[in-house]
Amino acid sequence: MTVAMEKPETSGEAEQAPPPPAAPVRRISRSMVVGAVLVVWLVLFLVLRGKQTLSLAAADLTELHHRLNDVNDSIGANRNSNPLFLYFFNEIRLVIDNLVTFVQDLISQPSGDRPLPQIGWLGVVGLAGYVSWAVANWRVALLAVAGFTFLGLQGLWQESMDTLALTLSAVLVALLFALPLGVWAGLSERVNRIVTPFLDFMQTMPTFVYLAPLTLFFLIGGASATIATVIYAAPPAIRITAHAIRSVPATTVEAADSLGATRRQTLLKVLLPMSGRTVVMGVNQTIMAALAMVTIAALIDAPGLGKTVVQALQSLDVGTAFNAGLAIVVMAIVLDRVTTAASGRAEAARRSGGPLLKWRRHLLVAGGAVAAVLVYLSHTYVWAAEFPGDGSTGSTIAKAADDVTTWAQDNLSGLTNGFRDVITDGLLNPFQTLLTDSPWWLVGAALLGIAVVLGGRRAGITTAVCVGLLVATGVWSDGMTTLASTLVATVLVMLLGVVVGVWMGRSALVDRLVRPTLDAAQVMPPFVYLVPFLALFGATRFTAIVAAIVYAAPVAIKIIADGVRTVPATTVEAATSAGCSTWQIITKVQLPMARGALTLATNQGLIYVLSMVVVGGLVGAGALGYDVVAGFSQGQLYGKGLAAGLAIVLLGVMFDRITQAAARRTSA
């Protein structure tokens, strides 16, 4: 009995006892898997180094390159007989050429039997001041007048007007397509889904890549430069316009519908007026993109300041390159300030409510009359048409730049060469060796594994396709050299971005002081960054890397700063009250909670770096950038240059998709 009674009691106690704690399951993080992939890669590299690297000498061509050369020759032979060219491509080129020629005849080039343009320097300066005043304010008008006058004092008036003519032509054509398409995408979610992948692709491609295929169909010159600029500059206007339309409050649209407004009336009376300021910001971005692209289009014989910079870089004439680069910066600042002020003019006028507001219309009429008189004088009299002086200011600037370059080379060469050697020997050369001396399939497998781990299955599929096409281009080795420079520069960009971005994100004062400099740096076209570093480091691949870091750092810094700033203040206060030091708050709270911003900054920094490293082909960067430039200048290398352009696109698409997918997964 006792035994029989004890058994159920024991059973009951067993039922009431808590279950033993489960053994903790350690999750393997993505960073650990990426590390394992890299370790396996390094081990196999040591075993298989130098095998199946797909190296190709600078003068060697593959079968694909020969075929592309044959296509180029065939198109050249049939350009005036093939119906596709006769009735499509040639007609487009003719229309664009006529537009560019018309604007050039107005402000930069002799027209007809006139030895001077229709509007001389005095008329252009007067129009620039009046338009800036009309769309912005009198301060911006003074800046425009001073900026355009300075272009003439530099001795670069005609080159500046050629650049302005190409920029205005490209912006006009781009906005004719971009604004209606942006409005349509803002009104229709289906259209927006269709358009977005194309815009992503267009904005992912570095600026170099637009040039080679367009010359195949439109030849070199102003038409190809303008069309390339339109393709590059249109996406920002489309995106921002669509965003502006979608940002109008739904309640406002519903109120218009309830009052019986038609779709056309709602668009014209509600949506467009309420999104006007944002749309003007899109126009600003289009103008800045157009100016950057027009200068690079000098590689396909586009006239203007870009051609002066390219010729100076190729001859290592730092003084001339600096003077022309400064002119590009001045023009960029003027155009940026005019359009930026225009976006907020109406709101600023309402806030001010000054006594001059009621007289503005009368003052504008009077100002228009003055501008018309200046245009007439510049059209009629030589003294008002030709910029006075001999450009001595530009000579002085160029000489000063040469003197500074000489001083830097004589006195700072030890420091600059030491810094260059540390980065090159300690980081760039080992990484480039790993990429170029590994078997191509090993590099492809490593990239595929990293893509799947960081971005998921879709990113892996994109990477596999891009790697396969990279092999097919025949410039795999050059592509790996460019990839090494790009990744090294991106790592340095992120280090700089984290340091400065965290500093800005934690201090409102630092943000106010630093952000204007970052905004100004983003205005400057890529060419401008090459000049000072060419003076410091000479024509080497390191010059391109440093220029790429300075070019890409502003966007990464601003994204990281905004990400750190969005970390809830209550979380930071809780960490502070728990006794965390400043370093612990940054590394354990703010940066982990801003992971999405860090990944997005990596994405944008990498895309900016890739475009700049390729431009660095002009100053000794070699690899894909050199292949593209050589394809423009040497007919027998055209096919290889075209393949190199495709390889740049593939690298950009591959890493854009990986980093975007990683950003989405991190945010989720």
Any side-chain heavy-atom pair of [X] and [Y] under 4.5 Å:
X: Ile328; Y: Thr163; value: no
X: Ile450; Y: Leu38; value: yes
X: Ile560; Y: Leu598; value: yes
X: Asn69; Y: Leu61; value: yes
X: Thr229; Y: Leu166; value: no
X: Leu99; Y: Val173; value: yes
X: Leu199; Y: Arg239; value: yes
X: Leu434; Y: Trp41; value: yes

Distance in Å, [X] [atom1] paired with [Y] [atom2], rounded so as to fall on 0.5 Å steps:
X: Leu326; Y: Met331; atom1: CG; atom2: CE; answer: 11.5 Å
X: Arg541; Y: Thr424; atom1: CZ; atom2: OG1; answer: 5.5 Å
X: Thr436; Y: Asp478; atom1: OG1; atom2: CG; answer: 10.0 Å
X: Leu447; Y: Leu483; atom1: CG; atom2: CG; answer: 6.5 Å
X: Ile423; Y: Leu492; atom1: CD1; atom2: CG; answer: 5.5 Å
X: Thr599; Y: Arg595; atom1: OG1; atom2: CZ; answer: 8.5 Å

(request) Count the heavy atoms belonging to other residues, nucleotides or ligands that lie under 6.0 Å from CZ of Phe218, then report whether that count exceeds 12. (result) yes
Is the backbone of [Y] close enough, under 3.5 Å, to the side chain of [X] for a donor and an acceptor to pair up by distance?
X: Thr659; Y: Thr602; value: no
X: Asp437; Y: Arg49; value: no
X: Thr241; Y: Ala237; value: yes
X: Thr196; Y: Arg193; value: no
X: Thr481; Y: Ala623; value: no
X: His65; Y: Gln636; value: no
X: Thr320; Y: Asp317; value: no

(message) Between the side chains of Lys307 and Asp301, is the shortest nitrogen-to-carboxylate-oxygen separation below 4.0 Å, so that they form an ion pair?
(response)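 Yes, this pair counts.
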Nearest heavy atoms of [X] and [Y], plus distance in Å:
X: Leu68; Y: Ala643; value: CD1-N, 4.2 Å
X: Gly306; Y: Ala298; value: C-CB, 3.2 Å
X: Trp476; Y: Val471; value: CE3-CG2, 3.8 Å
X: Ser438; Y: Phe45; value: OG-CD1, 3.2 Å
X: Ser224; Y: Ile300; value: CB-CD1, 3.8 Å
X: Thr167; Y: Ala290; value: CG2-CB, 4.1 Å

(message) One pair to check against side-chain contact (heavy atoms from CB on, under 4.5 Å): Asp162 and Leu305. What are the steps and the verdict?
(response) CA-CA 8 Å; Asp162 281 328; Leu305 295 168; over 6 Å; no
(request) Determine, step by step, whether Tyr551 and Val546 satisfy the side-chain contact (heavy atoms from CB on, under 4.5 Å) criterion, reporting the C-alpha distance in whole Å, the side-chain angles of both residues, the deciding distance to 0.1 Å, and the verdict. (result) CA-CA 9 Å; Tyr551 178 61; Val546 177; over 6 Å; no
(request) Fit a plane to each ring of Phe217 and Phe85, take the angle between them on a 0 to 90° scale, and name the class: parallel (under 30°), tilted (30 to 60°) or perpendicular (over 60°). (result)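 Phe217 and Phe85: parallel rings.
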(request) Have a look at Thr482 and tell me which of Val475, Leu435, Leu610 forms a side chain to side chain contact (heavy atoms under 4.5 Å, CB included) with it. (result)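 Of all the options given, the one that passes is Leu610.
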(message) Under the side chain to side chain contact (heavy atoms under 4.5 Å, CB included) test against Phe89, which residue among Leu219, Leu94, Leu84 passes?
(response)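 Filter result, single survivor: Leu84.
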(message) Does Val283 form a side-chain contact (heavy atoms from CB on, under 4.5 Å) with Leu175? I'd like the steps, not just the answer.
(response) CA-CA 8 Å; Val283 174; Leu175 294 181; 4.0 Å; yes
(request) May I have the step-by-step check of side-chain contact (heavy atoms from CB on, under 4.5 Å) for Ile96 and Arg93, ending in yes or no? (result) CA-CA 5 Å; Ile96 298 297; Arg93 179 165 60 88; 6.0 Å; no
